[in-house]
Amino acid sequence: MIYSMTGFGSARAEAPNLAVLVEIKSVNHRYLDFHVKIPGEYQNFENVIRQKVSAAFKRGRLDAFVRIDYRRESLMEDIDRRISNIGHHLETILAGAKDFVEHYRQQLIARVTELAPQLVADAGHRLETEALLYAERSDIAEETTRLRSHLDQFAGLKSLQDEAGKRMDFILQEMNREVTTILSKTSGLNELGAGIGKAAIEIKVEIEKLREQVQNIE
C-alpha cells in the first residue's frame, strides 16, 4: 500500500500530576530526517523516541514536539524535595567548613616547610601570619551564609502568585554563583576539600534540576 509522507498528528495523555502533549508533522524527504523537541529533564528519552520512529518510517522529514504541563502541586512537591536535598548538602559543607581556616593554614605551612625549610626557620612567625591571612581569604563562611539565605528566600516564593518562576530562576542563579565560589576556594584541599567539593557538586546538580522545573512556573 502507498502512503503519503505528508501528515500531522497529535495526542494528549494525562496523569494525576501532569499532562503530556505530543505533536508530530511530516513532509516529503528523500531520506528519514527526524527532529524532536523535548523538555530538558527528559532528554534521556530522546533515543527511545528515535528508535520507535525509525522502526515505523523509512523516509520523510518528521518534526516532533513534546510538551509536559505539570500540576502546580507535583511540581511543588518535587521542588520541596530538591530544596531539602540542597539543605542536606549545605549542612555537609558547613560541617566540613568548621575547621576550614585552621586546616588550610596548617596545610600551607606544611607545604612551605617541605619546600623551603630554611625560609621557615628564618621567618616562621611572618610565614604563619601570611598563611593565616591567605587561609582567611579562602574562608567560605560568607558563601555558605548567602547560600542559606538564598535557600530560605527560594522556599518563601512557593506561595507567590506573581512572577514566581522568574524570581525563583534569579535566586537559583545566585545560589549557583555561591556554590561555584565554594568549589573554587576548596579545590586545593585534600580530604576536607574533597568532601566539601562533592557536596557542592550535588548542590549544583539540584540547582540545575530546579532551574528546569521553574520554567514550568509562571
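Treat the numbers as computed from the prediction; the structure is a model and nothing was measured.
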| message | Any heavy-atom pair between the side chains of Asn176 and Ile203 that's under 4.5 Å? | response | no
| said: Using side-chain heavy atoms (C-beta onward) and a distance below 4.5 Å, is Glu143 in contact with Ile140? | reply: yes
Taking atom [atom1] of [X] as the centre, report whether more than 12 heavy atoms of other residues, nucleotides or ligands fall under 6.0 Å from it.
{"X": "Arg81", "atom1": "CZ", "value": "yes"}
{"X": "His88", "atom1": "NE2", "value": "no"}
{"X": "Phe8", "atom1": "CZ", "value": "yes"}
{"X": "Glu142", "atom1": "CD", "value": "no"}
{"X": "Phe170", "atom1": "CZ", "value": "no"}

| request: Kindly give the heavy-atom pair with the smallest separation between Val53 and Phe34, and that separation in Å. | output: CG2-CZ, 3.7 Å
Determine which pairs satisfy salt bridge (charged side-chain N to carboxylate O under 4.0 Å, His left out) with at least one residue from [range], sequence neighbours left out, and list them in order.
{"range": "residues 15-33", "result": "Asp33-Arg61"}
{"range": "residues 48-58", "result": "Glu46-Arg50"}
{"range": "residues 5-22", "result": "Arg12-Glu14, Glu14-Arg71"}

| Who are the side-chain contact (heavy atoms from CB on, under 4.5 Å) partners of Asp80, not counting sequence neighbours? | Lys158
| With Leu94, which residues qualify under side-chain contact (heavy atoms from CB on, under 4.5 Å), at least two apart? | Leu90, Glu91, Thr144, Arg148
| task | For the pair Ser149 (side chain) and Thr145 (backbone), establish whether a donor and an acceptor sit closer than 3.5 Å, ignoring hydrogens and angles. | result | no
| task | Report yes or no: do Tyr42 and Ile79 belong to one cluster of Ile/Leu/Val/Met/Phe/Trp/Tyr joined by side chain heavy-atom distances under 4.5 Å? | result | yes
| Linked, directly or transitively: Leu21 and Val36 (ILVMFWY side chains, under 4.5 Å) | no
| message | Looking only at the side chains, is there a donor atom on one of Gln173 and Asp169 sitting less than 3.5 Å from an acceptor on the other? | response | yes
| message | Regarding Asp78 and Gln213, do their side chains bring together a donor and an acceptor under 3.5 Å, going by distance alone? | response | yes
| field | Results of salt bridge (Lys or Arg N to Asp or Glu O under 4.0 Å) for Arg59 - residues two or more places apart only | value | none
